[in-house]
Amino acid sequence: MSSNCSLKLLDEKIAPSPIRHFKWSSRADILALAYEGDLELRRLNWQKIWKLSAPIKEAKISAISWKPDGKSIAVGYNSYSSGRVVIVNVEDHTKTRSLDLEYPVTCLNWLERTGLPSQNPYKDESSKFFLKLPSLPRKNEQFEDQSCDTESANFNILAIGTEDGTLLLFAHGILEILRSNTINPGWSIVGIQASESFKTFTVFSQSGTDSKITSFDTSVLENYSLEIQTLAQHYSKLLNLNKYASDCLKSLEESWEDSLVEFDNKIDNLAKSLPKDTSLASDMLELLLFGVCSIYTQSFLIHQLTEKGLTRLKQAIESSYSNMEGIASVNLFTAGQQLVYQCCLLLTLAKRREIFGLLGLEYNPALYAVRSVGRFMTKSNEMLEVISLVMKQLEAFFRWLHLSIYCLNEEPVPADMEPLNMEEIQAVASFIHDNFGTQMDAACSECEDGEMDDIEPSVKNLRLEKVGQYLRDENLVTKLEIEETVIENILTDNPELMKVPGFFLHNKDSSLLQEQKNVTKAIEKAFSGISRQITQSVQLSESFQIKSANVVVHISLPNDQGVAIATYSNDYPGFAYYELVNKNGVYILSSGLFRFQTLAIEGKGHLRANIVDLEFYTNEILSLVLNDSEDETTIYSQISCRSLRNHLTMSKMITFSDERKTIIIEEQEVDIKCFDSSAISISFRVIDKFQTSKFAISSNRKIAAFAGPCSKVIKLYEMEVDEEDLNESSIREDFEMSSVES
């Protein structure tokens, strides 16, 4: 190791608020800064990328963790006695996932396993024959598929620890695969780390002044990484497609409501102008059948609605319904096709009980998901038929109004406008009854005798019921008359045929929104057994009570040996270092305390420095930041983990068993008298006239950030620079310090 931690000062910046947490992305020069409740991303040149406010006013950020590929970031929020984890897409800062937890979030760590086979036997080939989901009306951008991709991402797990000791693992940050509160019930989890292959997970937990290290065997994650990754991919795709289907329903509702705004207002004005003993429906029907109507309706049609106004209204409504027809036949149908495909793939995986059955994927819930999507598609086609029917009724209704206006004005009817035939008259009569009579009839039926005079003759909030009822979370009022098919009759007479996966009975009473919600429930139910099954397969080890700590950092040891943990406490002038190693199934915990004495530094004399923060630079280098309060000096040092390993004491050999107990560890102390000690391999860098409160480093990007005492002043450094650049940086830093003093 070099005798000097080379740091080149790049810039000094001021944060808008005190920083609670900050962390570099491993894939880009982007720094995530967590303030009280806001998250901000900035580039190395301090350009702000975006800022995300807290989901609720009282929420405070308790932890952040980058996804290994740098495309997402997980943010832990605490509000009173509950917690929430939000996963944010870095590119556009949209929230892709939100997890509500019963207890506050205390720890987040997004872990990655590399080296999985490149050939995936469960590879999803749907992108080869399915087109991208088309953009919805009023949204010019293409719908972004944010589902995880096994081809471009290694298997990764988001680990979450809570204040009550609950450990949660989410494959790709989206599929829950483990939920356990039996590791250390009531102990707050402050650190989670896994071995490189995910064979073991190690949890660092605290309760008051006591601290524990607990490991558990997760061989199921090691042995079935590819299968769990496949399940996470399917779950992510299904959620993404179902969200798109939900957005389609919202767009349908918006188009449906737009078609009613002007139409509703005009009809409402007419209804208010009628006498209380006259209903709009009866007046319209008299005009249709006998060519006469009240003076109020006549005045409305001639002077308020007018022929030109009717033409504009007709075009607006037809345009809205045309949009609805396009959304249902293109957007919703495309999403439904892909939902069916993904559910059928899931059903195929569920049939392999010897593999996916061990992971908790069951056949019956997967079959229910297939049938739920089938019913959703059937209901979508049914609504499409209703839209077509209503469009025909509207066409006849508006043509009849045009003819009526000409007749009431005693003007000749244009030659190209033919009179209504009997079928069209029936369509207009049905339209009037369904949409103008329903509101008034319902109001009358609810009134007692003698109260008719109090009814306001208004049809405000008019609903074209035949279409609108499909977009409400309630059973249909007016059902489409569809003759039962031969297959439906056969299924009704032979219920045993319902065991065939492709058969299902159509629910004629439910709305489209209800069927979409059933799809959501079916998807969740199909994957609900995975977390339960994997949690049951986890074996816990004994717990090791160790020295109390204020800060805990951890990293995987190379070659899948185990994990390394480093801690420090405010009441101890040094740090503790632990290694939990797996050797042929036997687990060995080695530990040591490393205490700093007076530090002799050339040009500075003897300094009494205290540790303020530490972090692993790599799995073989531990970085520490020390402050000398008297000299106002920060010392950044790097210590070789290999040299620390030579001074560790083997504490206990353990194996996993059902009988758990706590072993108290007495760490052996090792004095670090100065930085040029031959016993401990150390390099350092002194930062004059600056006191550090916390720091963040990135070995991949070779950059570092040091926060000042109030966590607002930030110094940005480039690491591992050449000696010539280092000298220039030192001159510039001295000049900047002199300028600040003057």
Side-chain angles (χ1 to χ4, degrees), residues 113 116-117 119-126 147-150 154-159 167-182 194 197-201 216-239 241-242 338-374 496-504 518-540 656 658:
R113 180 186 178 184
L116 289 178
Q119 298 296 328
N120 185 355
Y122 315 109
K123 184 178 179 181
D124 182 7
E125 304 282 356
S126 60
S147 56
C148 61
D149 187 359
T150 53
N154 293 314
F155 181 42
N156 57 78
I157 292 177
L158 175 61
L167 172 68
L168 301 103
L169 301 182
F170 288 83
H172 287 267
I174 192 147
L175 174 62
E176 182 181 315
I177 57 174
L178 186 141
R179 179 185 291 260
S180 175
N181 58 0
T182 60
S197 66
F198 291 166
K199 185 176 183 179
T200 61
F201 269 73
F216 52 102
D217 183 1
T218 53
S219 298
V220 63
L221 302 183
E222 177 191 31
N223 298 332
Y224 295 97
S225 290
L226 197 60
E227 287 75 14
I228 296 173
Q229 185 181 30
T230 300
L231 290 174
Q233 181 193 35
H234 282 298
Y235 182 66
S236 181
K237 283 185 175 294
L238 284 169
L239 288 187
L241 290 168
N242 193 43
Q338 297 191 33
L339 275 169
V340 170
Y341 177 81
Q342 291 295 331
C343 285
C344 289
L345 282 183
L346 187 68
L347 185 64
T348 303
L349 297 178
K351 291 180 179 179
R352 303 190 62 177
R353 293 182 173 87
E354 73 284 0
I355 297 178
F356 291 93
L358 298 177
L359 299 176
L361 182 63
E362 300 178 0
Y363 179 81
N364 288 334
L367 177 59
Y368 178 72
V370 173
R371 289 175 171 172
S372 296
V373 174
E496 65 276 3
L497 292 178
M498 288 301 297
K499 296 179 181 180
V500 179
F503 286 163
F504 58 88
N518 288 336
V519 171
T520 302
K521 294 176 183 178
I523 292 173
E524 295 298 333
K525 185 177 180 181
F527 290 88
S528 62
I530 295 174
S531 176
R532 183 173 58 252
Q533 183 66 30
I534 293 179
T535 301
Q536 291 175 356
S537 67
V538 169
Q539 292 180 291
L540 301 180
F656 292 104
D658 295 332

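The first residue of the sequence shown is numbered 1, and numbering continues consecutively from there.
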* From H234, Q233, E125, residue fulfilling side-chain contact (heavy atoms from CB on, under 4.5 Å) relative to L345 -> H234

* To do: Only counting residues at least two apart or in another chain, list the ones meeting side chain to side chain contact (heavy atoms under 4.5 Å, CB included) with Y368.
  => S372, R375, A522

* Asked: Short question: side chain of N156, backbone of N154 - any donor-acceptor pair under 3.5 Å?
  -> yes

* Structure fact -> Taken to the nearest 0.5 Å, the spacing of S225 OG from L116 CG works out to 5.5 Å

* For R353, enumerate each residue passing the salt bridge (charged side-chain N to carboxylate O under 4.0 Å, His left out) test, keeping only those at least two apart in sequence or located in another chain. => none

* Asked: Quick one: side-chain hydrogen bond (donor to acceptor under 3.5 Å, both in side chains) partners of N518, sequence neighbours excluded?
  -> none

* In Å, rounded to the nearest 0.5 Å, how long is the span from CZ of F201 to CG of D217? -> 11.5 Å

* Asked: Heavy-atom distance under 4.5 Å between the side chains of L169 and L221, does that happen here?
  -> yes

* side chain to side chain contact (heavy atoms under 4.5 Å, CB included) between L167 and F216, worked out -> CA-CA 12 Å; L167 172 68; F216 52 102; 3.0 Å; yes

* May I have all residue pairs that pass side-chain hydrogen bond (donor to acceptor under 3.5 Å, both in side chains) and include part of residues 527-538, sequence neighbours excluded? => E176-S531

* Can you tell if the side chain of K237 reaches within under 4.5 Å of the side chain of Q338, non-hydrogen atoms only? -> no

* To do: Determine which pairs satisfy ring-ring contact (aromatic ring centres under 6.0 Å, His included) with at least one residue from residues 338-365, sequence neighbours left out, and list them in order.
  => Y122-F356, F129-Y341, F130-Y341

* Asked: Do Q342 and Y235 get their side chains close enough for a donor-acceptor pair, meaning under 3.5 Å?
  -> no

* Search all heavy atoms of I530 against all heavy atoms of L361 and return the closest pair with its distance. => CG1-N, 4.3 Å

* Structure fact -> The side-chain hydrogen bond (donor to acceptor under 3.5 Å, both in side chains) partners of E362 (sequence neighbours excluded) come to none

* Structure fact -> Scanning both residues in full, the closest heavy-atom pair of L367 with L347 reads N-CD1, 3.6 Å

* For residues L238 and F527, determine if any side-chain heavy atom of one lies less than 4.5 Å from a side-chain heavy atom of the other. => yes

* Side-chain heavy-atom pair I523, V373 within 4.5 angstrom cut-off -> no

* Taking atom CD1 of I157 and atom CG of L168, what is their separation to the nearest 0.5 Å? -> 12.5 Å

* Any chance you could measure T230, atom OG1, to L349, atom CG, to the nearest 0.5 Å? => 7.0 Å

* Before giving the answer on side chain to side chain contact (heavy atoms under 4.5 Å, CB included), spell out for E524 and L239 the whole-Å C-alpha distance, their side-chain angles and the decisive distance to 0.1 Å. => CA-CA 9 Å; E524 295 298 333; L239 288 187; 3.7 Å; yes

* Asked: At their closest point, which heavy atom of I174 faces which heavy atom of S236, and how far apart are they?
  -> CD1-OG, 3.9 Å

* To do: Look at the side chain of T218 and the backbone N and O of K199, then say whether any donor-acceptor pair between them is shorter than 3.5 Å.
  => yes

* CD1/I534 to CD1/I177 distance, rounded to the nearest 0.5 angstrom? -> 5.0 Å

* Could you tell me whether the side chain of L226 reaches within less than 4.5 Å of the side chain of F155, counting heavy atoms only? => no

* When rounded to the nearest 0.5 angstrom, what is the spacing between CG in L158 and NE2 in H172? -> 12.0 Å

* Okay, side chain of N223, backbone of S219: is any donor-acceptor separation there less than 3.5 Å? -> yes

* Taking all atoms of both residues into account, what is the closest heavy-atom pair of C343 and V370, and its distance? -> O-CG2, 3.5 Å

